[in-house]
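Working notes for the structure below.
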Amino acid sequence: MAMTATQEVYVDESSVGESAWRQVWGRLRRKKLAMISLLIVVAIYLGGIFAPLIAPYGYNTQDLDRGLEGPSADHWLGTDRLGRDMLSRTLYSARTTVVVTTAVVLSGSLFIGTTLGLIAGYRGGWVDNLIMRVGDIFAGLPAIIMLILINASLGRRVEDAARWVEDHTFLDGLVSSGFHSYLLVFGALSLFFWVGSARVIRAQVLQLRENDFILAAESLGGSSARVIRSHILPNVSFLIVLGISASLGGIAGSEILLTWFGVGVQNAPSFGGMIYEGSGARTFQSHPHLLLVPGAVVTALLFAFNLFGDALNDAMRGR
Amino acid sequence: MGAYVIRRLAWLPLILFIVSFATFALARFGPGDPVTVAAGQIRDPEVLAQIRQDKGLDDPIPVQYARWLGDAVRGDFGESFIQRGFTVSELIFPKMWVSAQLGFLALVMIFVVGIPLGLLAARLAGTWVDPAIIGTLLFLQAIPVLVLIPPLLWLFALQFNILPVGGWDGIFEIWWIAGVIAVPIPDPHLYLPLLAFTLPGFVGVARLVRISALEVNTLDYVRTARAKGLSEANVQWRHVFPNSLLPVITVFGLALSGIIEGALFIEVLLGIPGIGSFLFEAVTSRDYDVIMAATVIFATAFVLTNLLAEIIYGLVDPRVRLGASRN
């Protein structure tokens, strides 16, 4: 990542008039693997978004007489220990992944990371130093271990806070829907997932700000906010997109690890929880579908994220 | 170079301070009361208050932290709340030793397996073997260890019954030939954890070596070597091989931190009595001092790893350390 940090997006001069985004998309479309990956990601995300509409059963609907069944006409992917439909749980787990990745990308990579990167690069001086040194500290910590610790120790407090909100406002069902645990997972992940995009964007802004058009905008009396918004931001938009596509796999994977460890999303289905219920050699021997169903979806998703990220990187560099 | 190393080293105490304080505050802030756990059947409020006072749990958190820090720098990490009568150091050092042995072996394996695979793929570029190797590796890398380990255990331990289900029995097992000659062989408990630890790592190394070897192959000095009539084996061995290894050094830190973080999950899944499963147990039973010590040790290992990687990177590529000193 560091090597591509100050890479401008490659624009083919022979096709003047075609926007850079269109050119990138054109190059991307010719890559078969990238398109397959995109298809996998879109399919899983659509499945998650429309889970309430397409899931054949509720994710918590138990049928204790029919627990641990393999795939059948009634339950396409079988049932789990409590007789809950695996297909429905998979769709709702995908929903959890959609919610977590979207929220962390919005708050961590986009909001915190981009803003701090822009400010650090544009302002320079002690502001830059402060932001980047704080980033160095976060990058120097073992993220997963700190995340486990944060979630393990703050979980109960956040739950209490959510219950208080339920009791004192018109909001309802926060705890039963697992909202408090989502909130904690977003917050904790955002804390660690802003550094990468902030660094990359800062490096690019450092170069950009030496350009004449920035000097012109400044001498015309443009405020810092205006210069950043209308002159610098459009020039780092590629990096932002690239950063997001590179971090999606890490964010989705971290949520799964945390939930597997028992400190992630609660009261809502998650791939981490499903995988945990299916682990154990004996469980796998007698009921392999418990692990294989969520495992296959997670593997496909992470594989697709990686391949698409690489392909997007290539396409932006003109390959 | 010396100044560069010192500048990087200066970060270490600050990061350790932040990690240990954050861990301390978080652990004290968390749910569950270690005193009631430690006291077991005793529910007498006076006794509980006495234990609290003895342990200094009534003091403000900064005071408690200062006391912990003062002890910790002298190597005293306190006493386990749960396993009474044992100091944290007594409990933790044997586990660290297990994790360190396993981690070191995994690190060596990552490079021993990854480098030849990458060179092989680069050598066979243009044939079907290269994309087959890389495709397979990418696919293997995408499977999370959480998903990978149960099927492996089932296959090797239950189905074929050739490997143990988990646990740890040292690195070597001694085979006695005719009861006289001792032959050390790798202990069968090693294979699965090593596979799980090295899988994502050696894939990264193999891909990097492949790309690097392909690039070196197009360089002028390689062409010169071929032009002057050196045999292909000689060109590969003398010119391509050493030069394509340079970038591998840069993933050293990444590989090691992957191993350190992976320890948490792999050790739990395979029942290895290392520091990862120790931390897992401590988190679930809220054993404050153990959580503290284990996290700080994990963080120290992690920070030192990153530091080592940066220093090596600086050694290999002077631009890094010169650029750093200009800032």
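To find a chain, count down the sequence lines: A is the first, B the second, and so on, and within it residues start at 1.
- Counting non-hydrogen atoms of other residues, nucleotides and ligands closer than 6.0 Å to CZ of A:Arg209 gives a total above 12.
- With contacts defined as side-chain heavy-atom distances shorter than 4.5 Å, the pair B:Leu264/A:Ile148 qualifies.
- Residue A:Asn151 does not touch chain B at all, counting heavy-atom pairs closer than 4.5 Å.
- By the side chain to side chain donor-acceptor pair (under 3.5 Å) test, A:Asn267 pairs with no residue at all, sequence neighbours left out.
- Here A:Asn129 pairs with A:Arg133 under the side-chain contact (heavy atoms from CB on, under 4.5 Å) rule; sequence neighbours left out.
- Residues A:Thr299 and B:Pro144 have side chains in contact (heavy-atom distance under 4.5 Å, counting atoms from C-beta outward).
- Each of A:Thr283, A:Ile145, A:Ile137, A:Leu257 has some count of heavy-atom pairs under 4.5 Å with chain B, and the biggest count is that of A:Leu257.
- No part of B:Ile149 comes within reach of chain A, as not one of its non-hydrogen atoms sits under 4.5 angstrom from that chain.
- When B:Ile260, B:Leu279, B:Val147, B:Leu158 are compared by the number of non-hydrogen pairs under 4.5 Å with chain A, B:Leu158 comes out ahead.
- The nearest pair of heavy atoms linking A:Ala281 to B:Leu153 is CB-CB, 3.8 Å.
- When every heavy atom of B:Arg207 is checked against every heavy atom of A:Asp310, the shortest pair comes out as NH2-OD2, 3.1 Å.
- For A:Phe186, the CZ atom sits in a packed shell: over 12 heavy atoms of surrounding residues, nucleotides or ligands are nearer than 6.0 Å.
- Contacts between residues 133-142 of chain B and chain A, counted as heavy-atom pairs separated by less than 4.5 Å, involve B:Leu138, B:Phe139, B:Ala142.
- When each of B:Leu155, B:Leu14, B:Ile143 is checked for heavy-atom pairs under 4.5 Å with chain A, B:Ile143 comes out on top.
- Heavy-atom distances place the side chain of B:Val268, and not its backbone, under 4.5 Å from chain A.
- Taking all atoms of both residues into account, the shortest heavy-atom contact from A:Ala143 to B:Glu261 is N-OE2, 3.0 Å.
- Side-chain contact between B:Leu269 and A:Trp260: present, with at least one pair of heavy atoms (C-beta onward) separated by less than 4.5 Å.
- The part of A:Leu307 that comes within reach of chain B is its side chain, from C-beta onward, which places non-hydrogen atoms under 4.5 angstrom from that chain.
- Between A:Phe261 and B:Phe265, the angle of the ring planes goes over 60°, which puts this pair in the perpendicular group of the 30/60° scheme.
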For the pair B:Phe298 and A:Leu149, evaluate side-chain contact (heavy atoms from CB on, under 4.5 Å) and give the outcome as yes or no after the intermediate values. CA-CA 12 Å; B:Phe298 255 114; A:Leu149 196 70; over 6 Å; no
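- Listed by chain and residue number, nothing satisfies the salt bridge (Lys or Arg N to Asp or Glu O under 4.0 Å) test with A:Arg282 (two or more places apart in sequence, or in another chain).
- Neither the backbone nor the side chain of A:Ala296 comes within less than 4.5 Å of any heavy atom in chain B.
- Counting heavy-atom pairs closer than 4.5 Å to chain B, the top-ranked of the candidates A:Leu302, A:Leu292, A:Leu291, A:Val298 is A:Leu291.
- Heavy-atom distances place the side chain of A:Ile275, and not its backbone, under 4.5 Å from chain B.
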